[in-house]
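Lettering follows sequence order; numbering is per chain, from 1.
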2 protein chains.
Amino acid sequence: MEVTVVDNQAAEVRAAAKKIITVPAFGFGLCPVRDILDRFGDKWSLLSILHLGSTDSLRFNELRKRIDGISQRMLTVTLRALEADGLVQRTVYAEVPPRVEYALTELGQSLLGAVIEFGNWASAHAPAIAEARQRGALAAA
Amino acid sequence: MEVTVVDNQAAEVRAAAKKIITVPAFGFGLCPVRDILDRFGDKWSLLSILHLGSTDSLRFNELRKRIDGISQRMLTVTLRALEADGLVQRTVYAEVPPRVEYALTELGQSLLGAVIEFGNWASAHAPAIAEARQRGALAAA
DNA sequence: GCCAATGGTTACTTTTGGTAACTCAAAGGT
DNA sequence: ACCTTTGAGTTACCAAAAGTAACCATTGGC
């Protein structure tokens, strides 16, 4: 029966979730998962990583063009944070006008896998979410 | 040679990333990935999902105790948003004092997989990130 | 001696997140 | 009769983060 299969999968996943939320604190402050969700759980970090991951390297303004809607300030802020965490490599060429290239480090590449799975989920389930939202909107009316 | 293996993996991943960032817009506004990253890219949504995913269901205050640091208001706000998106099921029992139970829907369960992979990455690479941050802090000093 | 191009920064506004106090409704004590 | 407790929230208020717009530095070409 279908329910049983789902239940078995759910049990495994439940155990994995439990394990993650109990990961103990490392060197810096909170438990790693908390800390890292805190850091990348913003509007632009994961998107930046996806875009950087889709090519070898990108210049500042090229990246800005591709990440639709991001402001110049937020792109610098986001990139600096990612650089500080060792996910992005920033290379400045001493030219005029300046040329700055951004690329994922190996650490950044390793995160890309998880981000992609998340992205795949998003595109697969967007219809279901849209439907849920519409149901909610109708119920409120 | 190791480099070749890494490069091949990188090429695959790059292609996947490219695919995701070009997913076209669906019913609501932006491209699904943008929209969904926007929605779950906040401080508490993914954490709430992880905690809900680690059990069958949780009452409001129990969940609040487990998600360390979340305020009452942010927990309600977060849960309402997740409910509106069809990820969380809210069940109110007509008792006094009230009892409200929260559980992941099947849609929520399906997201859990991606979140767990993200969490695993976080605990695996927390040391590397801590190191990068320290390097940055030292360089600034 | 002025403009354009690139990659920013600064000052200001708006939106979001966080805190603390309040509500509701019934049960239990005194 | 009245006060307190309990769970699950609101409401009003304040701080922090994100967004906007304008500005800056360099320098080769006109």
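Residues A/Pro127 and A/Ser123 come closest through the heavy atom pair CD-O, 4.0 Å.
For residues 114-140 of chain B, the ring-ring contact (aromatic ring centres under 6.0 Å, His included) pairs, not counting sequence neighbours, are B/Trp121-B/His125. Within the structure, the ring-ring contact (aromatic ring centres under 6.0 Å, His included) test picks out no pair touching residues 38-67 of chain A (sequence neighbours left out).
Each of B/Arg64, B/Arg59, B/Arg66 was compared with B/Glu62 under the salt bridge (Lys or Arg N to Asp or Glu O under 4.0 Å) criterion, and only B/Arg66 meets it. Each of A/Leu52, A/Ile67, A/Val100 was scored for a side chain to side chain contact (heavy atoms under 4.5 Å, CB included) with A/Leu58, with one residue passing: A/Leu52.
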Protein-to-nucleotide contact annotation, 5' to 3' order, nucleotides 9-16 of chain D [B base; S sugar-phosphate only; - none; under 4.0 Å, heavy atom]: BBBB----
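Put simply, the side chain of A/Thr105 gets close to the backbone of A/Leu87: a donor and an acceptor are under 3.5 Å apart. Between the side chain of A/Arg135 and the backbone N or O of A/Ala130 there is no donor-acceptor pair closer than 3.5 Å. Using modelled atom types, one side-chain atom of A/Thr76 and one backbone atom of A/Gln72 make a donor-acceptor pair closer than 3.5 Å.
B/Leu104 places none of its side-chain heavy atoms less than 4.5 Å from the side chain of B/Leu111.
The side-chain tip of A/Arg99 points at the ring of A/Tyr93 from less than 6.0 angstrom away and within 45° of straight on.
Both A/Pro97 and B/Pro98 sit near DNA chain D, but only B/Pro98 has its closest nucleotide nearer the 5' end.
Here the P atom of nucleotide D/dA17 and the CH2 atom of B/Trp44 are 13 Å apart, to the nearest Å. One can place NZ of B/Lys43 at 8 Å from P of D/dA17, the figure rounded to the nearest angstrom. At whole-Å resolution of the value, CG in A/Asp42 and C1' in D/dA18 are 10 Å apart.
From one end of the helix from C/dG1-D/dC30 to C/dT30-D/dA1 to the other, with five pairs defining each end axis, the axis direction shifts by 30° (rounded to 10°).
The shortest distance between the side-chain N/O atoms of B/Arg99 and the OP1/OP2 oxygens of D/dA8 is not below 4.0 Å.
By the side-chain hydrogen bond (donor to acceptor under 3.5 Å, both in side chains) test, B/Glu101 is found to be paired with B/Ser57, residues two or more places apart in sequence or in another chain being considered.
When DNA chain C is scanned in the 5' to 3' direction for atoms under 4.0 Å from non-hydrogen atoms of chain B, the outermost contacting nucleotides are C/dG17 to C/dA26.
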